[in-house]
There are 2 protein chains.
Amino acid sequence: MNFGIIAPAFIKDSGIPMTVNHSDTSSEEAYQQSCEALSKSLGRELLQQGLVLGTAESCTGGMIAAAITDTAGSSAWFEEGLVTYANQSKQRLLGVDEAVLDQHGAVSRPVVEAMVAGVLARGADVAVATSGIAGPDGGSADKPVGTVWLAWGTAQGTHSQCEVFAGNRRQVREQAVLFALNGLMEQLQAAG
Amino acid sequence: MNFGIIAPAFIKDSGIPMTVNHSDTSSEEAYQQSCEALSKSLGRELLQQGLVLGTAESCTGGMIAAAITDTAGSSAWFEEGLVTYANQSKQRLLGVDEAVLDQHGAVSRPVVEAMVAGVLARGADVAVATSGIAGPDGGSADKPVGTVWLAWGTAQGTHSQCEVFAGNRRQVREQAVLFALNGLMEQLQAAG
């Protein structure tokens with residue numbers, strides 16, 4: 001079983017494998033390798049542009065921060081990451097408005113954009129945020145399992161996107177991480 | 001090459017493999033399996049005792065939060081995790097005293113204990129914190145690469161411990177995660 005290949009621009013160009021396929025024992029290794037390659041490229045780019053990255057993760061639960069800090073020397077471009085799993089944590093740490101959470105739900109464009117704004121307000125130059133339904137429960141007709149909202153931002157602006165990833169909980173989360181890192185690279189390359 | 005088996009009490013009793021051995025492609029999978037087993041046991045214990053866990057990670061950089069949120073339903077016992085990679089972040093988010101950081105260094109008992117206190121002050125019932133030198137750089141005669149301070153705490157008290165893990169950056173981090181999760185289980189089982 002292959003749960004699909006996502007190939008956003010940076011990854012496609014770089015030749016980093018984006019396959020998330022856990023039917024064999026080596027696939028966890030493959031995910032780690034893609035993460036490692038992306039994290040290294042990202043680190044080089046951030047260092048070159050003199051920028052500090054901050055993260056705010058809901059459904060990926062720390063996996064983006066873990067991927068970034070897997071690269072030695074990452075303290076030069078990464079100071080803090082927030083895993084805001086509960087809505088109250090999104091409010092307290094990132095200043096996400098309770099009314100926005102109530103009106104749109106945690107898995108929504110306004111919430112991930114507010115999360116990015118919160119990270120930038122805490123002092124980061126570049127931010128990424130995720131909020132999604134990794135499953136197996138929590139899906140609905142409107143927002144099925146696999147739905148992940150992602151946002152990337154700098155002081156110059158914020159971009160957000162919704163993806164519906166296939167696969168089980170871990171596969172959804174891993175694809176969201178690769179997609180998040182790829183989006184950061186795209187944003188930095190466009191700005192650089 | 002086998003970088004050793006660490007077998008703290010809970011893991012030893014449960015039969016969860018603690019080997020961190022990355023000489024073959026299946027070892028990343030083995031780490032994930034150990035994490036998953038520990039994370040599920042931990043979730044059951046927290047849920048049963050009605051406790052909420054919080055994390056503060058430096059050298060593990062989000063890997064503990066990632067392991068915990070790998071378990072479906074973890075939002076019932078995990079609300080937020082902080083990846084305080086920079087000293088300033090440890091101060092701002094966790095209230096770690098600058099003088100303590102200056103005097104003892106970030107990789108020290110007073111700092112991980114202050115990180116745990118910071119997590120508890122933010123509202124968690126149970127806390128874990130890590131700060132270490134994952135390498136390949138940053139080691140000294142006094143604190144070689146692989147040195148990791150860990151602390152676990154509740155309102156009833158805090159316990160801290162220093163380990164020196166063998167292996168490369170990823171292996172040091174993975175062993176620290178398994179050790180951190182194991183320590184949480186021990187603390188909960190002693191209290192339960």
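We name chains A, B, ... by the order of the sequence lines, and we start the count at 1 in each one.
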What closest approach, in Å, do B/Val148 and B/Ala176 show between heavy atoms, and which atom pair accounts for it?
-> CG1-CB, 4.1 Å
Indicate whether the side chain of B/Gln49 and that of B/Glu45 have a donor and an acceptor atom separated by less than 3.5 Å.
-> yes
Keeping the roles fixed (side chain from B/Arg173, backbone from B/Met63), state whether a donor-acceptor pair exists under 3.5 Å.
-> no
Any residue of residues 73-107 of chain A which, by heavy atoms, sits under 4.5 Å from chain B | A/Ser74, A/Ser75, A/Phe78, A/Glu79, A/Glu80, A/Gly81, A/Leu82, A/Val83, A/Thr84, A/Tyr85, A/Ala86, A/Ser89, A/Arg92, A/Leu93
Between B/Glu174 and B/Gln171, is there a donor-acceptor pair closer than 3.5 Å when you use the side chain of the first and the backbone of the second?
-> no
Side chains of A/Glu163 and A/Gln161: is there a donor and an acceptor less than 3.5 Å apart?
-> yes
Chain B neighbours within residues 116-144 of chain A, where any heavy atom lies under 4.5 Å away | A/Arg122, A/Gly135, A/Pro136
For A/Glu57 and A/Thr60, test the side chains for any donor-to-acceptor distance below 3.5 angstrom and give the result as yes or no.
-> yes
Can you name the nearest heavy-atom pair linking B/Ala65 to B/Thr55, along with the distance?
-> CB-OG1, 4.2 Å
Could you tell me whether A/Arg169 and B/Asp70 have a side-chain N and a carboxylate O separated by less than 4.0 Å?
-> no
Nearest non-hydrogen partners of B/Ser160 and B/Arg109, listed with the distance | OG-NH1, 2.8 Å
